[in-house]
Structure formats: structure tokens, C-alpha cells
Amino acid sequence: MMMHDFHYRKGTLHCEGVSVLKIAEQVGTPFYLYSHKTLTEHYLKLEQAFQSARPLICFSVKANSSLAVLRALVKKGSGLDVVSGGELYRAKKAGCPASRIVYAGVGKTDSEITEAIQFGILLFNVESIPELERINTIAQRLSKRTRVSIRINPGVDPHTHDHIATGKAESKFGIDLQTARRIFRNAAHYSSVSLCGIHVHIGSQIVQGEPFVQAFEKVLLFVDHLEAEGVKIQFLNLGGGLGIIYSDERPQTASEFASKILPLFRSRSFRLIFEPGRFIAGNSGIFVTKVLFVKETPAKNFAIVDGGMNDLIRPALYGSFHDLWPVMKKNQSQKFSYDVVGPICESGDFLAKNRKISKLKTDDLLALASAGAYGFTMSSNYNARPRVPEVLVRGRKFSVIREREKRTDLIRGEHVPSWV
Ligand code: LLP
């Protein structure tokens, strides 16, 4: 499916007002390309849909942590959801106010906790009792009081890929309701922590509203029990997880989502927080790669491209589908079936399988769609491949927002001891 800000003009793929071919000529391949318009519009769609509740929307940095992307969203009013000291560093560099940062994750280190408390972030999302104890001790040592949400595990099945489902009872994430209740009863024990929020995130790429409604209803029941015991909940963080279109999904729109969710929270006074990643960044980006060789075997046709699973791992890791677009359309009605595979020495190294497209040849450019979330951020240097550049388009302008890594970047920080 074609996205609005990626379209063909005279047979050439464009991102907003810029030809993808022109960018490829300037920066070389492979590269990631993002549309500023799609990115910011998706943030605004969510903001508008929930306007009446004025939630804090914290873009999930893990989806796309490029400074320019973060900056663009922060300028629109977005907060950021971070899960490591590194992401907190990026959030600071992007100019995100501390009051708009929430920090999740099951394994925070002492130095990460210290840095976040010192910076004065809005909330920690806490995932276990030992973590809560640790945050309390560190805050005490720093003579600070810090705000905490307890991430609860509501035990619902989000009907998504197993690797990205987090709200089931057997998952490592969150705290079961009984334990969470004990924590709140015991709040006085945590004297340097203000236990003022509940956090819930049940998984990712969830296309239906039902799992969310189910989870949030459970959360509200839980909040009712707490409030009956005199606990005051100020923040309710509903996580991320909104699904997008990769192929033929029909996900809820932001306003459909809001019309299902908002009624649940009417007459409630807490501040809502969302942590969407994919919904905002997913369809704002493509991955552009070049055909090196076409290899026809008795069983299959392979288009061997210069981008691999180290650059875009989602197909290899989850069997994910990314639509395949030629950068230059050909005037041929006959289509051929190809597996688009990378140069990495693993059979799992593919970007697309069994796709019908006009006949390919060496130097043809291809784009993998919907690669703006969990694309670059999950890329690696496997097979000693420099990570690719990221380019941002706005209208007729484009800029390289992250340079292609150099050979020297590959060995940066390495030492060969004299005794080797
Ligand atoms: N909040 C928490 C606590 C999360 O764990 C996540 C994602 C999000 C928010 C953002 O979720 P989103 O709105 O993007 O669905 N690498 C996988 C996705 C992993 C998601 C991890 N957590 C993929 O490529 O599909």
C-alpha cells in the first residue's frame, strides 16, 4: 500500500517533494529515508484524537532514536519514553524537557537510575520490587524524591507476534496485580519515592481495540480497589502498541482508538500518558537498497541487494512483511517473482519473499516500506558492515541526519594487546 507522502511522480518514487533517486545518487545505497510530514502528522493525529483528555504523548525512542526525528517530535510537544541511559542521553540531546520523560525497562542500572533522578524525569515505570527498592535507596542517597509508576501485568493476550507480546501472565514484564497492590499498601516504606502512577503496555503492533479495552478495564478496576484503600493515582500510562499498515492490516485509526478508550476514562481525574513508537514513526520511513545481482536458480529468482538483515532485521527476526516498491517504475506489464535477499552469510538474511515485481536487473533501486520504526534502531554491524545513513525530507529539502559509518567507525575503541 502506498503512503501519502511517498508517491510516484513521472514513474519515480518521491518522498514529499524530493526524488528518492536523487537522494540515492547523492548519499549512495543503502539508506533510511524519513518524511518529516508523515512523522509529525501521526503525532498530531493522536494528539487531536485525544484532545479532550490532554494526555502526555511520549514517543517511544526505541522505535526511532535519531536526534533529528526526536527533535521534530519534541518541537510538536511530544515527550519521550526511554528505556536506557543511552536513550535518556539522546532525549536530552534532542532538547526534551525532563518533565516529559518517562523511563521504562526491567533492568535499570544504578548509574542509569542516578542520572534519571538527577535530571528530574517525570516518572520511572517500575517493573519489580527489587527495582523499586533500588530507586528508593538511590533517591534517598541523593536527597531527592522521585515519582514512580508501577507497571502492572494485566494478563491479557494482545493477539500479536509472540516476540512482541508483553502483557501475558508469563511475560517478564510488569508486576502481577496482587503484588502491585501489596506495593501500594506498603508505600510508606518507600520514603523517597512518590508512588503516584500505574503503567501498562501489553504488546506491539496491536491492530484491534479489544485487547486494549480489556487491559484498561482491568487496570481501572485495580485503580478502584487502590482508591478505596486511600491511594491517590495521579498518572495512568497506557503504553504504546498501536498497530499500523504493513500489508493488508486494517488497524484502528487514532480517532477510532480514542472513541473506544476515552469513555473508559471519563470522570477520572488522572493524567493519561501514551508511549507510541510504531504508530508515529513506522510509516514515515523507507529503506532504500540497490540490486547487486539477479540470480536465477531452478527453484527461485533472487534479487541480491546491498542491504541486509543487519540493516533491517524485522523480516529475519519476526518474519515481518515490508512492502516492496521499485524506485523507478518500469513500463512492463509482465511481473516476476523474487526473493529479495541481502549479502549476509545466513539463510535468514532476506528482506522480502515471493514478491511480484517488474523484471529486475543490476543497479535497480528498491524501497522497503514502513521501515521508520524498529528499522535503523535495530541495525547492527554484523559481517563488519558499516551502519547506513539516515536522511530526513521536509517538503523540497532533505538532509543527511546520520552519516554512513566509515571503516574506522567499525574498529573504534578496539585494541590489540601487545601480548596477542
Ligand atoms: N512502551 C513500552 C513499555 C514498550 O515496551 C514499547 C515497545 C513501547 C512503549 C512502544 O511500542 P509501539 O507503540 O512501538 O508498539 N522490535 C519490535 C517491536 C518491539 C516493541 C518493544 N516495546 C518490532 O520491530 O516489531
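Note that ligands are numbered from 1 as they come in the structure, with each ligand's atoms numbered from 1 the same way.
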Review point. Which ligand 1 atoms are under 4.0 Å away from a heavy-atom of Arg151?
Key: 3 (C)
Practice item. Output the list of atoms in ligand 1 that are nearer than 4.0 Å to some heavy atom of Glu275, sorted by atom number. Key: 1 (N), 2 (C), 3 (C), 8 (C), 9 (C), 10 (C), 13 (O)
Check your understanding: Does the Gln252 side chain pair with the main chain of Gly209, one donor and one acceptor, at a distance under 3.5 Å?
Key -> yes
**Study point:** Within-cut-off N or O pair, Ser204 and ligand 1, under 3.5 Å
**Key:** yes
**Study point:** Residues forming a ring-ring contact (aromatic ring centres under 6.0 Å, His included) with Tyr103, sequence neighbours excluded
**Key:** Phe124
Practice item. Give the atoms of ligand 1, by number and element, whose distance to some non-hydrogen atom of Pro276 is under 4.0 Å. Key: 13 (O)
Practice item. Quickly, which of Ile121, Leu70, Ile57, Leu88 forms a side chain to side chain contact (heavy atoms under 4.5 Å, CB included) with Leu80? Name it, please. Key: Leu70
Review point. Can you find an N or O of Gly277 that's nearer than 3.5 Å to an N or O of ligand 1?
Key: yes
Check your understanding: So, Asp5 versus Thr38: side-chain donor-acceptor pair below 3.5 Å or not?
Key -> yes
**Study point:** Region of Asp81 that comes within reach of ligand 1 [heavy atoms, distance under 4.0 Å]
**Key:** side chain
Exercise for review: Run down the list Arg314, Met378, His201 and name the one with the heavy atom closest to atom 5 (O) of ligand 1.
Suggested key: His201
**Study point:** Arg387 to Tyr32 six-membered ring, cation-pi geometry met (6.0 Å, 45°)
**Key:** no
**Study point:** Gly240 neighbourhood, listing ligand 1 atoms whose heavy-atom distance to it stays under 4.0 Å
**Key:** 9 (C), 13 (O)
Exercise for review: Would you kindly specify which portion of Ser60 sits under 4.0 Å from ligand 1, judged on non-hydrogen atoms: side chain, backbone, both or neither?
Suggested key: side chain
Review point. Residues two or more places apart in sequence or in another chain: which of them pass ring-ring contact (aromatic ring centres under 6.0 Å, His included) with Phe235?
Key: none
Practice item. Using a strict 4.0 Å threshold on nitrogen-to-oxygen distance, state whether Glu131 and Lys108 make a salt bridge. Key: yes
Check your understanding: For ligand 1, which atoms sit closer than 4.0 Å to a heavy atom of Gly241?
Key -> 11 (O), 12 (P), 13 (O), 15 (O)
Check your understanding: Counting heavy atoms only, which of Phe173, Phe59, Tyr318 is nearest atom 16 (N) of ligand 1?
Key -> Tyr318
Exercise for review: Tell me, please, whether Phe212 has Lys260 positioned over its six-membered ring: NZ or CZ under 6.0 Å from the ring centre and within 45 degrees of its axis?
Suggested key: no
